[in-house]
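If you're wondering where the values come from, they're calculated on a predicted model, not measured in any experiment. Hydrogens, waters and symmetry mates are skipped; everything else that's a heavy atom, side chains included, is used.
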Amino acid sequence: MSTPPPLPFGDPSKIQQENSAAVRKGVAFGCGGCALLAAAVAVFGACIFWFIMSMIRGADASQMSLQAAQSSEVMRRELGEPIALGWLVTGNISITNGNGRADITVPISGPKGAASIHTVGSKKAGGPWTFSTMKATIEADGQTVDLRAP
């Protein structure tokens, strides 16, 4: 007796098991790989956003805007204390060879409300920042407060 020739596509009783295993591997490596890549890109983007926001929030112009609001009697009365800096600082700060320019909008908030400070200023090498504009707009009533020192 001779053995029958091998079947061209494998043992028919094991085809269902082999197909399910192949589908599981395809989903795990195909879709899982894409999902992992998308998650990695999202985390990388969030890290870049956090880094940039931290740099802008920590810049002298942002911190001086916050300090001016914290020392303003009107802002303390309208927003309450403590007055804190928000996360989404927008605008532009550039410093080259000690010379700087800033045009930013800084969100702040306190227990009673929120406001945004529009700050425009410049800095000469080795000198302090001088601000042509530092106006807070209180969100509740639209009132504007000039925060520049008299």
Side-chain angles (χ1 to χ4, degrees), residues 9-10 13-150:
F9 298 109
S13 62
K14 293 186 178 183
I15 288 179
Q16 181 65 31
Q17 283 179 323
E18 291 171 358
N19 284 347
S20 332
V23 168
R24 282 193 303 273
K25 287 179 187 174
V27 169
F29 292 110
C31 296
C34 289
L36 185 61
L37 180 63
V41 168
V43 167
F44 182 70
C47 289
I48 289 174
F49 176 77
W50 177 82
F51 178 75
I52 291 171
M53 283 297 114
S54 295
M55 294 296 290
I56 293 174
R57 288 179 80 229
D60 289 344
S62 298
Q63 291 299 313
M64 292 173 81
S65 298
L66 175 63
Q67 290 168 358
Q70 290 171 334
S71 64
S72 167
E73 185 62 38
V74 175
M75 297 304 289
R76 288 195 309 262
R77 183 179 63 242
E78 293 293 323
L79 302 183
E81 290 188 81
I83 297 174
L85 185 63
W87 264 99
L88 197 57
V89 177
T90 58
N92 184 350
I93 299 173
S94 62
I95 299 174
T96 306
N97 297 329
N99 297 319
R101 297 184 50 78
D103 186 352
I104 56 174
T105 301
V106 179
I108 58 171
S109 63
K112 295 183 187 177
S116 60
I117 306 170
H118 182 228
T119 302
V120 177
S122 61
K123 175 183 177 167
K124 300 284 184 203
W129 281 92
T130 56
F131 298 103
S132 58
T133 302
M134 190 182 285
K135 288 188 179 176
T137 303
I138 299 169
E139 289 181 5
D141 58 7
Q143 175 186 358
T144 60
V145 178
D146 190 354
L147 298 176
R148 290 180 298 166

Nearest-0.5 Å distance, [atom1] of residue [X] to [atom2] of residue [Y]:
X	Y	atom1	atom2	answer
Met134	Ser65	CE	OG	4.0 Å
Trp129	Lys124	CH2	NZ	11.5 Å
Gln63	Gln70	CD	CD	8.5 Å
Met75	Ile138	CE	CD1	5.0 Å

Salt bridge (charged side-chain N to carboxylate O under 4.0 Å, His left out) filter on Asp60, not counting sequence neighbours, yields none
By salt bridge (charged side-chain N to carboxylate O under 4.0 Å, His left out), Glu81 pairs with (sequence neighbours left out) Arg76
Review point. Counting only N and O atoms by type, is there a donor-acceptor contact under 3.5 Å from the side chain of Asp103 to the main-chain atoms of Val120?
Key: no
Checking Arg148 side chain against Ser132 main chain: does a donor-acceptor pair fall under 3.5 Å? yes
Validation row: [X], [Y] side chains within 4.5 angstrom (heavy atoms):
X	Y	value
Pro107	Val89	yes
Val74	Gln143	yes
Ile93	Ile104	yes
Met64	Thr119	no
Ser72	Ile83	no

May I have the step-by-step check of side-chain contact (heavy atoms from CB on, under 4.5 Å) for Ser122 and Thr130, ending in yes or no? CA-CA 6 Å; Ser122 61; Thr130 56; 3.6 Å; yes
(Q) Is it the case that atom NZ in Lys135 sees more than 12 heavy atoms from other parts of the structure closer than 6.0 Å? (A) no
Using atom types as modelled, flag every donor-acceptor pair under 3.5 Å from a side chain in residues 47-59 to any protein atom, sequence neighbours excluded.
unit_1 : atom_1 : unit_2 : atom_2 : d
Ser54  : OG     : Trp50  : O      : 2.9
Arg57  : NE     : Gly86  : O      : 2.9
Arg57  : NH2    : Leu85  : O      : 3.2

Result for side chain to side chain contact (heavy atoms under 4.5 Å, CB included) between His118 and one of Thr137, Thr144, Thr105 points to Thr105
